[in-house]
Amino acid sequence: MNGLADVVGVEHVITDPGLREGYQTDWTGRFSGECEAVVRPADTAEVAGVLAWARENGRAVHVQGGNTGLVGGSVPSADGRPVVILSTVRLRNPAKVVGHSAIVGAGVTLGEVQRLAADHGLVYGVDLAARDSATIGGTVATNAGGIRVCHYGMTRSQVEGIEAVLVDGTVIRRMGGLAKDNTGFDLAGLLTGSEGTLGVITAVRVKLHDPADESVVAVFGVDTLAEALEHAHAQGPGLQAAEVVDRAAWLAAGGPDLGDHTWALLLESSMETAELPDEALVATEGPDRARLWHFRESQAEVAGQAGVKQKVDVSLPLDKLDEFTTGVWAAHPCSIFGHVADGSLHVELFDLGEDDVLDRVVELGGAVSAEHGVGRVKTRAVVNDRGEATIAAMRALKGAWDPDGVLNPGVVFDAEH
Ligand SMILES: Cc1cc2nc3c(=O)[nH]c(=O)nc-3n(C[C@H](O)[C@H](O)[C@H](O)COP(=O)(O)OP(=O)(O)OC[C@H]3O[C@@H](n4cnc5c(N)ncnc54)[C@H](O)[C@@H]3O)c2cc1C
């Protein structure tokens, strides 16, 4: 470990077992993996130095941001090689707003980017419940979705530039933020959603937006997801979020009883144009809005406390959502919630039915990962979903950029490959 200490400073090479523990187990507590050390580089040159040390010393490197990922991708899986975790949390420079863009180090949290944008009267379009721990680098590496996708799009639509270090030490940097730039391959687009398998993202440039119209938050019951979508679509361009939670899960989170309906539907919509039924509970002020949102945003924790065994994040064609949920409920004890306007659902399974649920998704023409990524959980399902030819093309890219498989072994691709 001496060589590593020369790169990042001895205090940023963590070998103490007690101190390593928090990095070795993921947020769900379901995935863990031993590392020799946690290394915390402070800048791009130190990241390149850590990767050079790993190459020369036969180590695998596991990249970790805020460790809030939900598919096991943030912690090492054993492939026989000793592993170091490269934590990005000290990559905090720069952190500035230029025009309608934020240029930030990969370790800045999503919440900090949102606040930085707000300080300039602007909005960052990605939001999710883990905002105060998830890093901007992690959200780009996973192409995170979240609760504003129906208004702003996924993280990929926000990325205007990336700086990343490849395994061989090459630094790729394109941060100018040109509105039009068709010069060569879109490497920023490729690194977005690559889950740490192709390079270490050290900084990003993301798009900021003018604030949306002042909004109301409304909650009411619906019986089908088709009905939920009708209400969401009735909001027109004023729609800012459309979330569903099944009745039992809503009540388990302490949500108010909405009558004998299958789903609670939460809509956030422009105050001027909102189209809401008479029975809707409506909140316009901060604490009331936060209270209604809490019943949706606490769902992952509530399912955790109820003993969830597997967590599945999937997306379906909008006209297949009801068929999917009806079939899954008939076959598995679970709770279901998600971002209905995007066709994106989270299934919290209280049995080990994940493979069956993912097979159903593929049969219905959906995607086995809507927004959390493939990680370690879906390395089988991704082949089923995309097919061998696409996986071979992805492997060829991985082989070209990381021929010895140093970065994140076992993530996206089976460790044995
Ligand atoms: C309560 C809760 C709610 C959530 N809600 C949502 C949601 O609504 N939508 C959603 O999409 N996700 C959601 N997530 C999942 C998670 O927050 C996102 O996947 C987030 O993008 C992960 O960021 P992170 O910094 O924690 O990354 P980590 O968990 O540390 O890492 C995730 C993956 O990215 C890689 N990675 C991290 N940083 C870098 C980097 N700088 N360069 C290269 N690779 C890197 C890791 O190797 C790993 O494969 C939620 C999580 C929790 C706990």
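First listed ligand is number 1; within each ligand, the first listed atom is number 1. Quick note: residue numbers are just sequence positions, from 1.
Partners of H261 according to the ring-ring contact (aromatic ring centres under 6.0 Å, His included) rule, which considers only residues two or more places apart in sequence or in another chain, do not exist here.
Heavy atoms of D26 found under 4.0 angstrom from ligand 1: none, in either backbone or side chain. With a 4.0 Å heavy-atom cut-off, ligand 1 is reached by the side chain of T88 but not by its N, CA, C or O. Of all the heavy atoms of A141, the ones lying under 4.0 Å from any atom of ligand 1 belong exclusively to the side chain. At a heavy-atom distance under 4.0 Å, only side-chain atoms of H339, from C-beta outward, approach ligand 1. With a 4.0 Å heavy-atom cut-off, ligand 1 is reached by the backbone of V63 and by its side chain too.
When only non-hydrogen protein atoms are considered, atom 12 (N) of ligand 1 lies nearest to H372 CD2, 3.3 Å. The protein heavy-atom contact nearest to atom 48 (C) of ligand 1 is G73 O, 3.3 Å. Looking only at heavy atoms of the protein, atom 33 (C) of ligand 1 is closest to T142 CG2, 3.6 Å. Given atom 27 (O) of ligand 1, the protein heavy atom at minimum distance is G138 CA, 3.7 Å. The protein non-hydrogen atom at the shortest distance from atom 31 (O) of ligand 1 is S74 CB, 3.7 Å. In terms of protein heavy atoms, atom 50 (C) of ligand 1 is closest to L70 CD1, 3.6 Å. Nearest to atom 51 (C) of ligand 1 among the protein's heavy atoms is T68 O, 3.3 Å. At the top of the distance list for atom 2 (C) of ligand 1, counting protein heavy atoms only, stands A130 CB, 3.9 Å.
Using modelled atom types and a 3.5 Å distance limit, the side chains of R247 and T262 yield no donor-acceptor pair. When only modelled atom types and interatomic distance are considered, H339 and E371 share a side-chain donor-acceptor pair under 3.5 Å.
Of the polar atoms of V411, none of the N or O atoms is found under 3.5 Å from an N or O of ligand 1, judged by distance alone. For a threshold of 3.5 Å applied to N or O pairs, the pair formed by G145 and ligand 1 contains at least one separation below that value. Between G66 and ligand 1, at least one pair of N/O atoms sits closer than 3.5 Å. Taking any N or O of N67, backbone or side chain, at least one lies under 3.5 Å from an N or O belonging to ligand 1. The shortest N/O to N/O separation between E195 and ligand 1 falls below 3.5 Å. Taking any N or O of N408, backbone or side chain, at least one lies under 3.5 Å from an N or O belonging to ligand 1. On a distance-only criterion, E371 and ligand 1 share at least one N/O pair closer than 3.5 Å.
Just one of N408, N67, D26, T25 meets the side chain to side chain donor-acceptor pair (under 3.5 Å) condition when paired with S74; it is N67. Checked options V377, L70, V347; the residue passing with K311 is L70 (criterion: side chain to side chain contact (heavy atoms under 4.5 Å, CB included)).
At distances below 3.5 Å, not a single donor-acceptor pair connects side-chain atoms of Q158 with backbone N or O atoms of Y124. A donor-acceptor pair is defined here as one N or O able to donate and one able to accept, closer than 3.5 Å; no such pair exists between the side chain of N57 and the backbone of R59.
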H151 and H209: CA distance, side-chain angles, deciding distance, ring-ring contact (aromatic ring centres under 6.0 Å, His included) verdict: CA-CA 11 Å; H151 197 71; H209 303 266; 8.1 Å; no
Audit row: W293, V217, side-chain contact (heavy atoms from CB on, under 4.5 Å) steps and yes/no: CA-CA 8 Å; W293 265 110; V217 178; 3.9 Å; yes
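Relative to atom 25 (O) of ligand 1, the option among T135, L91, I201 with the closest non-hydrogen atom is T135. In this structure, of A129, S87, S133, the residue bringing a heavy atom nearest to atom 3 (C) of ligand 1 is A129. If you check each of A144, G137, G199 against atom 43 (C) of ligand 1, the one with the closest non-hydrogen atom is G199. Considering each of L128, V374, T197, the one bringing a non-hydrogen atom nearest atom 6 (C) of ligand 1 is L128.
For R148 and E268, the salt-bridge test passes: some basic side-chain N is under 4.0 Å from an acidic carboxylate O. Under the 4.0 Å criterion applied to side-chain N and carboxylate O atoms, R92 and D43 are not assigned as salt-bridge partners. In summary, R20 and E34 engage in a salt bridge, as defined by a charged side-chain N under 4.0 Å from a carboxylate O. Salt bridge annotation for R131-D127: present, with a cationic side-chain nitrogen under 4.0 angstrom from a carboxylate oxygen. Salt bridge K207/E160: absent, no basic N to carboxylate O contact under 4.0 Å.
The CD1 atom of I162 lies 12.0 Å from the CZ atom of R173; values are rounded to the nearest 0.5 Å.
Set against the non-hydrogen atoms of G196, the atoms of ligand 1 under 4.0 Å away are 43 (C), 44 (N). Of all the atoms in ligand 1, the ones that sit under 4.0 Å from a non-hydrogen atom of Q64 are 30 (O). Taking every non-hydrogen atom of T139 and a distance limit under 4.0 Å, the qualifying atoms of ligand 1 come out as 21 (O), 23 (O).
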